[in-house]
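What you see is a predicted model; the values in this text were computed from it and never measured.
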Amino acid sequence: GAVVSQHPSWVICKSGTSVKIECRSLDFQATTMFWYRQFPKQSLMLMATSNEGSKATYEQGVEKDKFLINHASLTLSTLTVTSAHPEDSSFYICSAQTVGYGYTFGSGTRLTVV
Amino acid sequence: QKEVEQDPGPLSVPEGAIVSLNCTYSNSAFQYFMWYRQYSRKGPELLMYTYSSGNKEDGRFTAQVDKSSKYISLFIRDSQPSDSATYLCAMSANTGGFKTIFGAGTRLFVKA
């Protein structure tokens, strides 16, 4: 089946630094990828929709200058958290639409900013 | 009122029990209904996908959609300890770019 590979699975960084998270679609082309963040015991919150070759569409309240999304190819989308602060600590998950209207999710990245 | 309501639990059942997980929603435009299973510190995986009303069965899992009541359910028969996870319902409409709305997830524990 379709697989979305997400790296790293966890990262700890110092406040003020930037972190890049990669999502790759394996064995299929993902023209659209979605980026979510999830706080403990809370639901997935859509941050942005990433389209190959064009600018990402951000949800209301999400700072596009802070969460940089690049979707340079049909198999790779990246999320860069710039100037990270402790409040950015969260679980970040990407997904790509696959069968029907279902989504295949990456394994997630746990970001801890200290 | 949230668009999708889901009891976060936790729900604890003995092995072999029938588990019923539910979500209610307010947007009558939703047509696509999904259930995802998420293990701790992992991304969600699609379990069931249903279009419009009705039932769908896959092995030990049965998904039900009642659009008149705006209520969806996931039943797990003969539950196993390996079923212990968080179950998220999700739904989307044929409008607004098919944006998918997720429930908060119900944490399920199946005790051996």
Side-chain angles (χ1 to χ4, degrees), chain A residues 1-11 21-26 31-51 54 56-60 62 79 89-112, chain B residues 2-11 21 23-25 29-52 56 58 61 63 65 72 74 85-109:
Chain A
V3 175
V4 174
S5 176
Q6 183 172 348
H7 294 279
S9 56
W10 61 271
V11 58
I21 302 169
E22 289 189 352
C23 269
R24 294 181 184 272
S25 58
L26 305 182
T31 54
T32 302
M33 279 198 178
F34 305 88
W35 287 94
Y36 297 85
R37 65 187 299 181
Q38 186 179 33
F39 291 106
K41 299 184 180 181
Q42 294 189 27
S43 185
L44 297 164
M45 298 301 296
L46 180 65
M47 297 175 66
T49 302
S50 161
N51 294 295
S54 64
T57 302
Y58 290 82
E59 295 300 301
Q60 191 173 12
V62 178
L79 168 68
S89 298
S90 187
F91 194 54
Y92 293 86
I93 311 174
C94 64
S95 75
Q97 189 171 352
T98 49
V99 178
Y101 295 98
Y103 296 83
T104 297
F105 286 85
S107 54
T109 298
R110 182 161 301 282
L111 170 64
T112 302
Chain B
K2 293 181 181 178
E3 279 193 279
V4 178
E5 298 275 2
Q6 182 176 12
D7 187 338
L11 176 64
L21 304 168
C23 287
T24 59
Y25 62 95
F30 286 139
Q31 296 175 294
Y32 306 94
F33 304 92
M34 293 148 280
W35 285 96
Y36 290 85
R37 177 174 62 197
Q38 185 177 22
Y39 291 110
S40 181
R41 302 188 180 189
K42 297 291 184 182
E45 56 177 323
L46 180 65
L47 274 179
M48 302 285 286
Y49 162 76
T50 309
Y51 172 72
S52 194
K56 188 172 185 178
D58 184 1
F61 299 90
V65 175
I72 68 171
L74 177 71
T86 296
Y87 291 79
L88 300 100
C89 63
M91 46 200 81
S92 60
N94 194 20
T95 56
F98 289 102
K99 185 182 293 186
T100 299
I101 308 297
F102 289 85
T106 299
R107 296 186 70 193
L108 171 67
F109 295 97

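For Glu3(B), there are no salt bridge (Lys or Arg N to Asp or Glu O under 4.0 Å) partners at least two apart in sequence or on another chain.
Contacts of Pro8(B) with chain A are absent, with no heavy-atom separation under 4.5 Å from either backbone or side chain. With a 4.5 angstrom heavy-atom cutoff, Gln38(B) touches chain A only via side-chain atoms.
Closest heavy-atom contact between Phe91(A) and Arg41(B): CZ-C, 3.7 Å. The minimum heavy-atom distance between Ala104(B) and Ser43(A), with the atom names listed, is CA-CB, 3.4 Å. For the pair Pro44(B) and Leu44(A), the tightest heavy-atom approach, listed with the atom from each and the gap, is CG-CD1, 3.8 Å.
Per-residue heavy-atom pair counts under 4.5 Å with chain B were compared for Gln42(A), Gln38(A), Gln6(A), and the maximum is reached by Gln38(A).
One distance of note links OG1 of Thr100(B) with OH of Tyr36(A); it measures 5.5 Å at 0.5 Å rounding.
Checking side-chain atoms of Ser107(A) against main-chain N and O of Lys42(B) turns up no donor-acceptor pair under 3.5 Å.
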